[in-house]
Protein chains: 2
Amino acid sequence: MDTRPAGGRTRGRAARPRQGASMADVAQLAGVSSQTVSRVSNGFPGVTEETRQQVMAAMRELGYRPNSAARALKRGEFRTLGVITFSLSTHGNIRTLEAIATSAARHGYAVTLLPVAVPTQDEVNGAFSRLGELAVDAVIVIMEIHLLDAATVSLPPGVQVVVADSDAGDRYTVVDTDQAGGARDAVRHLLDLGHHTVWHLAGPEDSFAAQRRANAWHAALTEAGATPPPLVRGDWSAESGYRAGLHLADHPDCTAVFAANDQMALGLLRALHERGRRVPDDVSVIGFDDLPESASFLPPLTTIHQDFAEVGRLCVEGVITKIRHGDTTHGTTLVPTRLVLRESTGAGPAGPRP
Amino acid sequence: MDTRPAGGRTRGRAARPRQGASMADVAQLAGVSSQTVSRVSNGFPGVTEETRQQVMAAMRELGYRPNSAARALKRGEFRTLGVITFSLSTHGNIRTLEAIATSAARHGYAVTLLPVAVPTQDEVNGAFSRLGELAVDAVIVIMEIHLLDAATVSLPPGVQVVVADSDAGDRYTVVDTDQAGGARDAVRHLLDLGHHTVWHLAGPEDSFAAQRRANAWHAALTEAGATPPPLVRGDWSAESGYRAGLHLADHPDCTAVFAANDQMALGLLRALHERGRRVPDDVSVIGFDDLPESASFLPPLTTIHQDFAEVGRLCVEGVITKIRHGDTTHGTTLVPTRLVLRESTGAGPAGPRP
DNA sequence: CCAGCGGATGTTTACGTAAACATTATGAGA
DNA sequence: TCTCATAATGTTTACGTAAACATCCGCTGG
């Protein structure tokens with residue numbers, strides 16, 4: 001019996017750093033060729049049950065694990081998806097990322113994270129150039145498209161891309177929440193409750209999601225014959241919502257506010273409370289996102305639920321389809337939203353519609 | 001001039017799926033050997049400036065990108081860290097992950113995500129066995145240790161591990177927030193404000209973080225000569241905080257509550273408000289985590305700030321040190337917390353201490 | 001004037017896997 | 001009994017890179 005430690009080599013360098021037994025080692029122990037080990041390892045047919053068992057036993061004994069680098073080199077694919085996103089600070093990005101990771105795992109893909117700390121152009125370029133050397137077959141970008149557009153570094157050839165949370169269906173495959181539909185639902189909900197019009201606390205100007213929510217808000221109002229009040233600008237943060245709320249509290253004719261996300265709605269609620277305006281009696285507030293915490297706001301927040309999990313899932317399936325079929329078509333897939341009724345919205349001055 | 005498309009091959013299979021030019025292609029175009037290309041690619045000395053420029057030009061022309069699979073195979077390392085975590089649902093995990101990704105990138109490492117959807121034992125085992133085939137040099141586990149302990153699958157040999165958010169310094173290298181210190185600070189702050197004692201809204205029983213916060217709460221109280229009230233159990237969610245709050249609101253002698261996280265504190269605030277108990281006039285509330293939103297709670301929440309970024313950074317540095325030096329020692333690194341004073345805590349019945 | 005040195009570059013080889021091809025058994029049908 | 005097909009297994013080779021070693025060159029110093 002061979003008494004050398006598992007993974008030892010007869011010839012060559014004493015210390016192979018970290019990497020256990022190879023196919024050759026297993027083959028030797030099992031008394032077969034390494035090709036047979038390969039067949040067993042990949043579950044290929046044409047191996048006797050007896051041989052298979054021997055090989056399996058040898059694998060167990062040596063603690064054999066396929067070397068994924070060698071595999072990737074041979075197969076020409078990594079079975080890995082890259083995810084580019086700047087900062088995981090927003091709830092949506094995280095939920096999407098989580099769904100991507102889960103969905104990718106289900107398809108046998110690993111997920112590699114490419115964080116872009118600061119969303120400057122340099123950082124984005126850096127991420128994309130790093131990407132070139134990265135072991136990924138495809139990339140999912142969770143990022144506002146203008147940053148992607150401005151990137152001077154081109155994507156490595158052969159690396160497929162799907163973009164989430166953006167609108168560039170003409171140049172990329174895009175999966176996104178139906179921002180416009182959700183915003184429209186929010187506005188209609190408030191109008192249906194009898195509010196003459198709806199104010200909008202928008203996200204930052206450079207965000208397409210914010211822009212589309214604001215556009216849809218405006219369109220839904222004019223469609224319904226209501227006069228859009230001046231748009232109030234926030235930056236997604238609760239703090240900015242608070243500041244905007246102090247401002248809005250001074251408008252006595254403001255009875256309904258659609259905040260472009262739940263965090264700003266939170267700040268808004270605080271400001272209104274401080275200024276003695278009751279929600280929903282004096283002012284109705286609706287948010288967008290449906291954070292887990294939103295149900296515990298004061299009062300619990302009526303909001304538009306986004307199905308981030310579905311967005312992530314569709315991103316992965318889209319990108320894997322592209323890998324499989326070398327697909328180069330573009331297009332946008334929209335994931336519907338859902339109105340979640342809680343206690344922050346109530347009847348307006350005109351009374352609820354029948 | 002050669003008119004074949006870049007990356008084309010004279011011999012062999014027509015369609016090499018996705019993979020551009022190789023070193024050999026660059027070498028041929030530049031009129032040098034592939035070894036020289038390798039030297040240029042890795043920035044090694046011993047190459048004339050003139051040759052270097054020629055090679056670089058050829059690289060650009062062919063869009064050459066080093067094949068990371070081949071590199072990994074040759075070098076025996078992947079320059080990749082795996083991160084195991086179940087669900088990215090908690091603020092802390094995400095912040096830690098973000099810091100890990102950023103810090104890893106700075107060290108030239110990529111980060112691969114290993115999500116464990118449901119924290120069942122099977123799932124954890126699955127993640128660990130997938131890990132064996134995964135292209136990672138080391139693993140950072142963000143997980144309660146009891147799940148790691150119960151995993152029947154052993155880690156692949158040669159893969160270093162660092163655990164965050166846990167306490168297993170005797171068996172693993174651990175980086176964690178100083179849970180006990182933070183909890184002690186929270187309790188002392190409330191006692192200093194003149195509260196006779198402090199109630200505790202704890203996290204779930206199976207969480208070590210929750211357990212340590214609860215233990216420290218108890219210890220700090222007895223140390224100070226105060227009588228610990230019965231512990232109230234939550235599950236980290238705002239909803240559970242709300243339920244607990246309804247319960248606590250009925251105790252007239254409850255003037256100060258230390259919630260084990262900010263989300264439960266949020267629910268607690270809502271319940272107290274609903275029951276007409278003013279914060280901080282009637283009841284003081286302190287949280288733990290310092291979510292970005294906590295400053296916009298009603299009222300803004302006094303809380304214990306956790307430095308997740310530091311935890312992530314230390315995890316990466318720890319694990320890279322281990323990789324470099326084959327370190328097998330264990331030990332725990334604690335990251336200090338910081339008391340963030342806002343408006344949810346105020347003077348107790350005994351009045352603030354001098 | 002030549003040995004010898006050192007810098008620049010080329011050649012060989014191995015990393016671990018798996019496709020492609022080659023070889024050896026086994027058994028069925030003529 | 002002797003093909004010949006077929007299944008089981010072995011052998012060769014290539015994937016792209018980089019370490020190790022080999023070669024070539026010009027120049028310095030004796």
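The basis for the numbers below is simple: all heavy atoms, side chains too, and nothing from hydrogens, waters or symmetry mates. Protein chains get the first letters and strands the later ones, always in sequence-line order, with residue 1 at the start of each.
Taking atom NZ of B:K74 as the reference point, atom C1' of D:dA18 lies 5 Å away to the nearest angstrom. Per the geometry, CZ belonging to B:R79 stands 14 Å off C1' belonging to D:dT17, to the nearest Å. Put simply, CG on B:N67 is 16 Å from P on C:dG16, counting in whole angstrom units. Computed from coordinates, the A:M23 CE to D:dT11 P distance equals 16 Å when rounded to whole Å. One can place CZ of A:R71 at 19 Å from P of C:dC15, the figure rounded to the nearest angstrom. With rounding to whole Å, B:L73 atom CG is found 12 Å from D:dA14 atom C1'. The nearest whole Å value for the distance from the CZ atom in A:F78 to the P atom in D:dG16 is 11 Å. Nucleotide C:dG7 holds its P atom 17 Å from the CD atom of B:E49, rounded to whole Å.
Between A:R75 and the phosphate of C:dT17, there is no side-chain N or O to OP1/OP2 separation shorter than 4.0 Å. Between D:dA18 and B:N42, a contact under 4.0 Å exists linking OP1 or OP2 to a side-chain N or O.
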Ignoring hydrogens and angles, write down the donor-acceptor pairs under 3.5 Å from the side chains of residues 35-48 of chain A, residues two or more places apart or on other chains.
| residue | atom | partner | partner atom | Å |
| --- | --- | --- | --- | --- |
| A:T36 | OG1 | A:S33 | OG | 3.4 |
| A:S41 | OG | A:R71 | NH2 | 3.1 |
| A:N42 | OD1 | A:R71 | NH2 | 3.0 |

Enumerate, atom names and distances included, each donor-acceptor pair closer than 3.5 Å involving a side-chain atom of residues 312-325 of chain B, sequence neighbours excluded.
| residue | atom | partner | partner atom | Å |
| --- | --- | --- | --- | --- |
| B:R313 | NE | B:E310 | OE1 | 3.2 |
| B:R313 | NH1 | B:E317 | OE1 | 3.2 |
| B:R313 | NH1 | B:E317 | OE2 | 3.0 |
| B:R313 | NH2 | B:E310 | OE1 | 3.4 |
| B:R313 | NH2 | B:E310 | OE2 | 2.9 |
| B:T321 | OG1 | B:E317 | O | 2.7 |
| B:K322 | NZ | B:T173 | OG1 | 3.1 |
| B:K322 | NZ | B:T329 | O | 3.3 |
| B:H325 | ND1 | B:T321 | O | 3.0 |

Protein-nucleic acid N or O pairs under 3.5 Å, nucleotides 6-10 of chain D:
| residue | atom | partner | partner atom | Å |
| --- | --- | --- | --- | --- |
| D:dA8 | O3' | A:T48 | OG1 | 3.0 |
| D:dT9 | OP1 | A:T48 | OG1 | 3.0 |
| D:dT9 | OP1 | A:T51 | OG1 | 2.5 |
| D:dT9 | OP2 | A:T48 | N | 2.8 |
| D:dT9 | OP2 | A:T48 | OG1 | 3.0 |
| D:dT9 | OP2 | A:T51 | OG1 | 3.4 |
| D:dG10 | OP2 | A:S33 | N | 2.8 |
| D:dG10 | OP2 | A:S33 | OG | 3.1 |
| D:dG10 | OP2 | A:T36 | OG1 | 2.8 |
| D:dG10 | N7 | A:R39 | NH2 | 3.0 |

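A donor-acceptor pair shorter than 3.5 Å can be found between the side chains of B:T112 and A:T112.
Considering every non-hydrogen atom in both A:R95 and A:F308, the closest pair reads CB-CB, 3.3 Å. For the residue pair B:I142 and B:L97, the shortest heavy atom distance occurs at CD1-N, 4.4 Å.
A salt bridge between B:R79 and B:E77 is present, with a side-chain N of the basic residue lying under 4.0 Å from a carboxylate O of the acidic one.
In terms of modelled atom types and a separation under 3.5 Å, the side chain of A:T80 and the main chain of A:F78 share a donor-acceptor contact.
Taking the side chain of B:S38 as heavy atoms from C-beta on, and the options D:dA18, C:dC15, D:dT17, the nearest nucleotide is D:dA18.
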